[in-house]
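Notes to accompany the following structure.
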2 protein chains.
Amino acid sequence: MNLTVAEENYIKSIYKLQDGDQVVSTNAIAYDLATKPASVTDMAKKLKEKKLIDYEKYQGISLTTEGRKLALQIVRRHRLWECFLVDKLSFSWDEVHEIAEELEHVRSEKLISRLSAFLGNPTTDPHGDPIPDAQGRISKSQPLISLDKATARRLEVAGVSDQSSALLEFLNAKGIRLGTQLDLIERYEFDNSVEVKIRNQPAFTLSEQVSKNIMVKSL
Amino acid sequence: MNLTVAEENYIKSIYKLQDGDQVVSTNAIAYDLATKPASVTDMAKKLKEKKLIDYEKYQGISLTTEGRKLALQIVRRHRLWECFLVDKLSFSWDEVHEIAEELEHVRSEKLISRLSAFLGNPTTDPHGDPIPDAQGRISKSQPLISLDKATARRLEVAGVSDQSSALLEFLNAKGIRLGTQLDLIERYEFDNSVEVKIRNQPAFTLSEQVSKNIMVKSL
DNA sequence: AATATAATTTAGGCAAATCTAAATAAATTA
DNA sequence: TAATTTATTTAGATTTGCCTAAATTATATT
Ligand SMILES: [Mn+2]
Ligand SMILES: [Mn+2]
Ligand SMILES: [Mn+2]
Ligand SMILES: [Mn+2]
């Protein structure tokens, strides 16, 4: 199956938005890809033709088994390149998405398997997201909870659910990155803000907006 | 100046074929890019519009100063990626061109400067070709001669002028790579073949076809 | 110089990926 | 339920990059 760059971007977007096996709306895809709903309808017809999505008009879109398989390969490439940029080229986690968005379209089995080996076959990317293996399998880790719902006192940052540069830069500034250990000091009911502390640093407060997007595991 | 992938490939091809400042023919570009002369004419009009080439119909094509500047950046990206593939991902020199042909189109100043630093700011690629610096300057090395014209006895392989997989694989098989030191044993006038020897190995003969494409410097 | 051949350009078309505006269907609200 | 709002699709265009076939220009050969 040979996909164009545009087709790959659609497949990946649908995969991301599906999150399980719900059906995805035309509008949601258009918003995610910064394009127009009419364009999504056009592409939906093509992808259905290629048997990569299930689609009946007005009924939403979902990936076929074949489509999901391809999506996982694209996601794998994207996340491996993000690792490369951070681990080898010292980019920070808020700078890599855009570049990986292009690198992910260079298709070469050998390139990707070698890149993966070169990086030590990582299983998560710089944002804590899992990297599918060459067969598209995702090793399931312990389920994460968002910081705004956490109850345990000792926590470790294991991911971010919003990957906008805005959030990532904010977290950079606060000294929060993947693997950072946090003590949960207090939760304020009034605005659902939460006070946390990093070892050897003064405590500080995070808004619900922020804490909702920080995924943690308890230690 | 924002170029499409197709435009970048044309600019790079013109740069390669120009080799100095000759004018390049429609046919030559079509052949190099495996496309049709009519398509080249179409693109020539667009690139002229963008002031990247000088072009008057029937008079051939040449890069403007601006066009050459862009070409050098593309060449830089291409060759740096080739270095990455060989030095870091252990590809052999006959496998990297195709992949670099795609990677070269990922445009990010920062990516390329970091990649270059990561590789130790190399000045030649795995085929012995020079890598322009960020300003497009090419450090001129001592001029190379092809093996079929060499006279000195002790030689070092410093490049290949034909980069087809066929030649590169052949050289691999013979144990000839960049930096290989050769003793020139004999040149046979009859067919212009040449007998060479690698240290600690039996001597062997190379056809003119082959020796023409091996660039050497004398030691 | 006339003719033949080769190189190049033009004309006309096609496919991919997008768009805007208008039409239609679905969902929500009164 | 009827009206309104929202979501989605269709119709019709545009841009980019490519193609084939035919016309034109340049070059080489007699
Ligand atoms: Mn992408
Ligand atoms: Mn990521
Ligand atoms: Mn290319
Ligand atoms: Mn090269």
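Reminder, nothing fancy here: chain letters follow the sequence lines and each chain counts from 1.
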Quiz prompt | Residues in contact with DNA chain C, drawn from residues 55-63 of chain A - heavy-atom cutoff 4.0 Å | solution =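 Output list: A/Tyr58.
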
Quiz prompt | Positions of residues 24-38 of chain B (non-hydrogen atom under 4.0 Å from DNA chain C), listed by number | solution =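 B/Ser25, B/Thr26, B/Asn27, B/Pro37, B/Ala38 - these, ordered by number, are the residues of the stretch whose heavy atoms sit under 4.0 Å from the strand.
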
Nearest whole Å is fine: how far is [N] [atom2] from [X] [atom1]?
{"X": "A/Lys46", "N": "C/dA15", "atom1": "NZ", "atom2": "C1'", "result": "9 Å"}
{"X": "A/Asp42", "N": "D/dA11", "atom1": "CG", "atom2": "C1'", "result": "11 Å"}
{"X": "B/Met43", "N": "D/dG17", "atom1": "CE", "atom2": "P", "result": "4 Å"}
{"X": "B/Lys45", "N": "C/dT8", "atom1": "NZ", "atom2": "P", "result": "14 Å"}
{"X": "B/Leu17", "N": "C/dA7", "atom1": "CG", "atom2": "P", "result": "15 Å"}

So, for [X] and [Y], which heavy atoms are closest and what is the spacing to 0.1 Å?
{"X": "A/Met43", "Y": "A/Ala6", "result": "CE-CB, 3.9 Å"}
{"X": "B/Asn172", "Y": "B/Arg177", "result": "O-NH2, 4.4 Å"}
{"X": "B/Leu184", "Y": "B/Val196", "result": "CA-CG1, 4.5 Å"}

Quiz item: Is the shortest distance from a Lys or Arg side-chain nitrogen in B/Lys110 or A/Glu98 to a carboxylate oxygen in the other one below 4.0 Å?
Solution: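 A/Glu98 and B/Lys110: not salt-bridged.
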
Exercise. Output yes when at least one side-chain N/O atom of B/Thr4 is less than 4.0 Å from OP1 or OP2 of D/dT16, else no.
Key: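 No, outside the criterion.
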
Quiz prompt | Contact under 4.0 Å: B/Thr41 side-chain N or O vs C/dT9 OP1/OP2 | solution =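 B/Thr41 to C/dT9 OP1/OP2: side-chain N or O found under 4.0 Å.
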
Practice problem: Report yes if the side chains of A/Lys46 and A/Tyr10 come closer than 4.5 Å at any heavy-atom pair, otherwise no. | Solution: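 Not in contact.
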
Practice problem: Decide yes or no on side chain to side chain contact (heavy atoms under 4.5 Å, CB included) for A/Ile61 and A/Leu47, but give the supporting numbers first. | Solution: CA-CA 10 Å; A/Ile61 291 168; A/Leu47 294 177; over 6 Å; no

Quiz prompt | Main-chain N/O of B/His105 paired with B/Arg77 side-chain donor or acceptor, under 3.5 Å | solution =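 Checked: no pair found.
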
Quiz prompt | Sidechain-backbone polar pair: B/Arg107 side chain, B/Leu3 backbone, donor-acceptor under 3.5 Å | solution =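 Between the backbone of B/Leu3 and the side chain of B/Arg107 there is a qualifying donor-acceptor contact (under 3.5 Å).
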
Quiz item: Does the side chain to side chain contact (heavy atoms under 4.5 Å, CB included) test come out yes or no for B/Ile74 and B/Tyr15, once each step is laid out?
Solution: CA-CA 10 Å; B/Ile74 305 165; B/Tyr15 173 82; over 6 Å; no

Quiz item: With both distances under 3.5 Å as the test, what is the Watson-Crick or G-U wobble partner of C/dA30?
Solution: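 D/dT1 - that is the nucleotide pairing with C/dA30, both distances being under 3.5 Å.
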
